[in-house]
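Read through the structure below, which is laid out as structure tokens, and then see the notes.
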Amino acid sequence: MTGPAPAATSDDLLVHRDALVRASRHLHATGLVTGTSGNLSVRVGEVVLVTPSGVDYDALEPAGIAAVRLDGELLDRGASSPSSETPLHLGIYRTSDARAIVHTHAPWATALGLVRDDLPSVHYAILGLGGPLRVAPYATFGSQELADHVRTAMVDRKAALMRNHGAVASGGTLGEAVRNAEQVEWLARLWVQAAQASPGREPATLTDEQLQDVWRQVAAAGYQP
Ligand SMILES: [Zn+2]
């Protein structure tokens, strides 16, 4: 018989590796990531499992998932090396209670980040992400500067947009992070399509008072926005 603690840890990591592969393929199928762009990670204790850089999602296998410690020390290269955006993932994990992170180059969110500094309250569902989202300033991909910009934009939020780059979403589970990434794209698409439908007129947004009413309704009904 094997000792329960090491076996559980190993099994746990395998489960998360499988889930990362499935989530990667799902996001690829929905178009939120294309080619080898975007990356996903899960935090398990002090270990962060992260998709490798430059590997097609179709070819990604559980054994190809890379692993680093929360302090950045490399544990497993996976199929190539940990994603170049690993510093971005680690920065969010070190400063929040996130347990999973999804970074995409989703087209509507990226488009909105080119023309605005925020994603405003176009729908009350944005409260599920913590409120209106910030657009992190541009910095070169993979840089600590970009990681710092995104970490700041994510304060008290479960998502942020990244100028001239994409979007990032977090969650308490990988499933939640994926749903949040999809929600960001849906909200961004609402704003952009509304702006396109009526050039010269700003899309309507909810007031602080209306958002407070939503919070009260959530508290009363136990309903998640
Ligand atoms: Zn990227």
Side-chain angles (χ1 to χ4, degrees), residues 20-43 48-60 64-68 72 74 77-96 98 100-119 129 133-155 157-171 174 176-189 192:
L20 279 166
V21 170
R22 285 198 306 275
S24 298
R25 289 178 180 159
H26 169 76
L27 287 173
H28 189 244
T30 60
L32 265 67
V33 299
T34 56
T36 62
S37 76
N39 32 75
L40 297 80
S41 71
V42 169
R43 176 181 175 181
V48 175
L49 297 171
V50 58
T51 50
S53 66
V55 175
D56 272 325
Y57 290 106
D58 289 342
L60 186 61
I65 300 291
V68 297
L74 179 65
R77 290 191 173 281
S80 57
S81 58
S83 163
S84 55
E85 296 296 4
T86 297
L88 181 155
H89 291 246
L90 296 179
I92 297 168
Y93 286 129
R94 289 188 200 119
T95 54
S96 74
I101 294 170
V102 170
H103 163 52
T104 73
H105 293 176
W108 295 101
T110 308
L112 187 143
L114 304 181
V115 297
R116 287 192 62 90
D117 296 326
D118 67 345
L119 170 50
L129 301 171
L133 303 180
R134 307 177 187 96
V135 177
Y138 178 79
T140 309
F141 82 92
S143 66
Q144 186 59 47
E145 186 183 10
L146 179 62
D148 292 343
H149 286 333
V150 171
R151 180 173 45 77
T152 302
M154 291 279 285
V155 170
R157 296 290 186 276
K158 292 183 176 179
L161 308 187
M162 300 159 65
R163 176 148 296 152
N164 298 102
H165 189 148
V168 60
S170 67
L174 182 57
E176 187 196 347
V178 168
R179 285 192 297 277
N180 286 343
E182 292 173 331
Q183 190 78 295
V184 171
E185 183 66 350
W186 180 75
L187 290 163
R189 184 174 182 171
V192 174

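It should be emphasised that the depicted structure is a prediction, and the values quoted were computed from it without experimental measurement. In listed order, ligands and their atoms are each counted from 1.
Within 6.0 Å of atom CZ in R94, more than 12 heavy atoms from other residues, nucleotides or ligands are found, so the atom counts as buried in its surroundings.
In this pair, H105 and H103 present their aromatic rings perpendicular. The plane angle is above 60°, beyond the 30 to 60° band.
Between the side chain of T152 and the main chain of D148, a donor-acceptor pair closer than 3.5 Å is present.
At least one side-chain heavy atom of L74 sits less than 4.5 Å from a side-chain heavy atom of P82. Side chains of I101 and V42 form no contact here, defined as non-hydrogen atoms less than 4.5 Å apart.
Of all protein atoms, those that are N, O or S and lie under 2.8 Å from the Zn ion (ligand 1) total 3.
Take D117 and apply the side chain to side chain contact (heavy atoms under 4.5 Å, CB included) test, not counting sequence neighbours, and it matches R163.
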